[in-house]
Amino acid sequence: MNVTRAHNRRRAAMRVAFSAAFVIAATQASSSAQVTAPTAAGARSAPQPGTLDYPFDTSKLGPPPPARLPRGLLKVTAFEQANVVQAFAGTLQGVAKPERIGKSRTAVLSEGWRIERDPLQGALLVARRQLGEVEREPEAGEPGKVADPKPPEFARRENKIDDARAKALALERVTKFGIGEGELGPVASLRLVSQDLNDDAARPSAVELESYKTIFFRAINGVPVQGSRVVVTHWPDGALKRTLLHWPAIAERGNRLTTRLSVPEITRRAAALLSREGIAKGSRASLRWKYIPTPQQNGEVTLQLVAAVRVPAPEQVPEGGFAEPREYEVPVAEPD
Amino acid sequence: MTSRQGPRRVHRAAMAAAAGLFVVVAAASAANEVQVYGIAQFGGAGQCGNSDMTHPVHTETAKAFLKPFAILQTIGLWDAVAMLNNSNAKSSLFTDPGKAAACSCTADDTAIDKGLDEADVVYVHTHGSHSASPAWSSLSMGKSGTGLMCSARTDLNMRWNSDLDIAVIKACQSGDYDTWANGGYRQQITTSGSPFRMWNAFHGDSSCGSHVTSYVGSYAAESFFDGVGENWLDEAYDTSGDDDCPVSIVMGSSYANRKNLFENGGWLDRKDTGSKTSSTIFYFHGCAPSSGRKLPTS
């Protein structure tokens with residue numbers, strides 16, 4: 001870690017500690033603004049046992065989400081092959097018989113696409129088939145023509161789009177699949193790049209753009225759903241390359257979407273959990289809402305609200321020592 | 001398995017792939033082994049590190065990685081699975097005999113059903129660290145004692161020259177960009193003729209919790225045939241706190257061969273990348289983790 005980075009992190013830590021202290025004080029004084037129905041414990045003004053052992057940042061722990069699901073959520077039927085094809089492949093030609101490649105996962109090969117579906121897990125992988133499935137390139141001294149042009153799939157493609165265009169193209173696909181605004185959370189626009197380090201070269205080659213990746217994270221009522229994401233990948237020329245998707249349909253019943261616990265009660269529980277887990281007293285920690293999905297037999301999931309506690313990695317780490325940001329879940333959900 | 005057949009076997013599988021999925025499976029299922037190493041317990045008697053490092057999730061993710069292979073084993077598409085957690089994951093199993101003198105430690109990386117270089121695919125979840133110069137990454141081990149090291153290092157211990165093709169490392173700083181740029185992986189863990197071809201890891205720190213169990217299981221299930229490198233980046237990227245920056249380092253004779261494995265390879269289609277004379281690192285432009293520089297943008 002360079003000096004500037006370390007300095008910035010110390011400053012950030014001070015800011016967090018200060019804001020956490022302020023937030024704790026504020027929530028202890030009056031927590032009613034952040035909870036739907038404070039419990040008796042939540043109404044106390046005295047510090048909760050153990051909460052001051054950890055400087056919690058609760059700034060991301062807004063009011064609890066509502067107990068209802070938004071309308072227009074994805075259905076299990078979206079994972080039927082016809083819908084998957086129209087959304088992420090267009091057409092299939094020369095389709096082979098599906099092959100089982102897992103407990104409930106099947107694969108279909110066509111001339112242009114490979115489609116893996118797992119409706120019971122709410123999972124898909126749709127990838128354009130490439131000539132990469134031929135033999136590897138011959139090396140010097142082996143039969144073959146080393147100087148032959150690379151298959152077109154491996155040639156660098158002209159860059160004709162940008163992050164915004166890739167995102168727009170990706171959004172068209174996920175919308176066509178059946179994912180609506182009501183369950184779309186943050187979107188990350190990323191560029192996959194590569195560099196080579198050849199033979200005994202002293203320095204890597206220049207950074208080369210491989211593809212644009214748009215990652216859609218899932219959020220229900222603004223709360224992230226653990227494990228749900230769609231990654232839509234476009235080549236630089238704008239052609240769709242692949243889609244990886246984990247987005248199981250959410251059951252209409254059986255969800256535990258909200259809580260009546262106050263912020264002080266949640267921080268008390270979080271402090272007790274961190275203590276049980278052996279997290280050093282004084283460690284910084286931040287809290288946010290999160291939904292944990294539980295798979296059902298029909299391919300749907302039910303959601304349970306938790307408070308996720310994120311503990312960043314220590315600032316200084318000796319060789320062979322510990323460096324790992326950790327996340328724990330504090331149960332907060334109300335029973336049905 | 002005890003004899004090296006990796007490239008030839010995968011070569012056959014690659015040829016068969018053009019003819020259809022089922023043929024690939026039949027050809028590739030001659031002998032496929034996966035071994036997982038979840039190191040979760042630290043600080044106790046005979047263990048390494050301190051108790052702060054203990055984190056049970058490390059064995060949960062190992063179990064999640066193994067599960068899809070076990071399912072395929074039951075339907076005859078995979079041959080062998082093994083889990084070596086905590087004290088069963090010791091430095092000798094990560095150490096090549098050719099490096100025993102350098103580390104002054106026991107080397108047993110081809111121990112049957114135990115050593116990393118005796119499997120085709122391995123998954124390791126533990127703590128890690130790195131040095132950019134001199135270049136190395138280290139992995140915290142599950143057992144201390146005579147002849148054992150508590151950190152297995154890419155420079156002092158590892159060289160995959162027997163059977164291992166692909167390693168997936170869920171450990172902080174296990175695929176550091178600067179370490180790679182300074183010759184820290186290919187030059188240390190392969191020889192020109194090594195079968196080893198892919199090191200999927202993290203630049204900088206990577207977060208840990210039940211979300212990792214979720215994405216590691218998904219990654220294993222979806223990577224039997226395609227995207228064994230690309231799926232890793234799609235699954236492991238995270239930006240909930242500091243960024244989690246997964247990388248895929250692929251060794252082979254040409255960019256096309258390396259990219260072929262990254263995009264089109266899988267556990268059952270471990271595409272031959274040729275001589276391990278060069279490497280390609282795949283990563284997300286500008287990813288900014290803790291304990292690692294912001295990745296290059298140009």
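This one's a predicted model, so the numbers in the text were calculated from it and none came from an experiment. In what follows, chains are A, B, ... by sequence order, proteins preceding strands, each numbered from 1.
Of the two parts of A188(A), only the side chain, counted from C-beta on, holds a non-hydrogen atom closer than 4.5 Å to a non-hydrogen atom of chain B. Within the 4.5 angstrom heavy-atom criterion, only side-chain atoms of Q187(B), from C-beta onward, approach chain A. Both the backbone and the side chain of T280(B) come within contact range of chain A, each with at least one heavy atom under 4.5 Å from a heavy atom of that chain. With a 4.5 angstrom heavy-atom cutoff, L244(A) touches chain B only via side-chain atoms. With a 4.5 Å cut-off on non-hydrogen atoms, Y237(B) touches chain A through its backbone and its side chain both. Contacts between F284(B) and chain A at a heavy-atom distance below 4.5 Å involve backbone atoms as well as side-chain atoms. Interface residue R326(A): backbone and side-chain heavy atoms are both found under 4.5 Å from chain B. With a threshold of 4.5 angstrom between heavy atoms, L125(A) approaches chain B through side-chain atoms but not through N, CA, C or O. Contacts of Y177(B) with chain A are made by side-chain atoms alone, with heavy-atom separations under 4.5 Å and no backbone atom involved. Proximity to chain B (any heavy atom under 4.5 Å) is shown, for R203(A), by neither the backbone nor the side chain. Proximity to chain A (any heavy atom under 4.5 Å) is restricted, for L72(B), to the side chain, taken from C-beta onward. E329(A) touches chain B through its side chain: at least one heavy atom from C-beta onward sits under 4.5 Å away, while N, CA, C and O do not. For a residue to count as touching a neighbouring chain, one of its non-hydrogen atoms must lie under 4.5 Å from one of that chain's; by this rule T54(B) touches chain A with the backbone only. Residue contact with chain B, scored on non-hydrogen atoms closer than 4.5 Å, is absent for K97(A).
A 4.5 Å side-chain heavy-atom check between E324(A) and D205(B) finds every atom pair outside the cut-off. Using a 4.5 Å cut-off on side-chain heavy atoms (C-beta onward), S205(A) and Y255(B) make no contact. Contact check for F225(B) versus I101(A): side-chain heavy atoms found under the 4.5 Å cut-off. Side chains of T233(A) and E263(B) form no contact here, defined as non-hydrogen atoms less than 4.5 Å apart. Residues L233(B) and L192(A) form a side-chain contact, since some pair of their non-hydrogen atoms from C-beta on lies under 4.5 Å apart. By the 4.5 Å heavy-atom criterion applied to side chains, K259(B) and S194(A) are not counted as neighbours.
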With salt bridge (Lys or Arg N to Asp or Glu O under 4.0 Å) as the test, would you mind laying out the steps for R310(A) and D238(B) before giving the verdict?
-> CA-CA 13 Å; R310(A) 174 74 67 131; D238(B) 186 52; 3.5 Å; yes

Salt bridge (Lys or Arg N to Asp or Glu O under 4.0 Å) between E230(B) and K213(A), intermediate numbers included = CA-CA 11 Å; E230(B) 192 158 7; K213(A) 287 186 178 284; 2.7 Å; yes

Go through the steps to decide whether E235(B) and R229(A) satisfy the test salt bridge (Lys or Arg N to Asp or Glu O under 4.0 Å), and finish with yes or no.
-> CA-CA 9 Å; E235(B) 292 284 0; R229(A) 66 173 57 188; 5.1 Å; no

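Counting heavy-atom pairs closer than 4.5 Å to chain B, the top residue among V193(A), I292(A), V231(A), V207(A) is V193(A). When the candidates N198(A), L209(A), D199(A) are compared by the number of heavy-atom contacts under 4.5 Å with chain B, D199(A) comes out ahead. For the options E116(A), K290(A), K103(A), K241(A), heavy-atom pairs under 4.5 Å to chain B are most numerous at K241(A). Taking E277(A), E327(A), Q195(A) one by one and counting their heavy-atom pairs under 4.5 Å with chain B, the maximum is reached by Q195(A).
In this structure, Y328(A) has its ring center closer than 6.0 angstrom to the ring center of H55(B).
Residues P325(A) and S206(B) approach most closely at CD-O, 3.4 Å, considering heavy atoms. Contact between S214(B) and G227(A) at its shortest, heavy atoms only, is OG-CA, 3.7 Å. The two residues G278(A) and D52(B) make their nearest non-hydrogen contact at O-OD1, 3.6 Å.
Judged purely by distance below 3.5 Å, without hydrogens or angles, the side chains of E222(B) and H246(A) pair a donor atom with an acceptor atom. Checking R242(A) against N231(B) by side-chain atom types alone, a donor-acceptor pair falls below 3.5 Å.
Distance check, rounded to the nearest 0.5 Å: CD1 of I215(A) to OG1 of T239(B) gives 9.5 Å.
Salt-bridge annotation for R129(A) and D226(B): absent, with no side-chain N of the basic residue lying under 4.0 Å from a carboxylate O of the acidic one.
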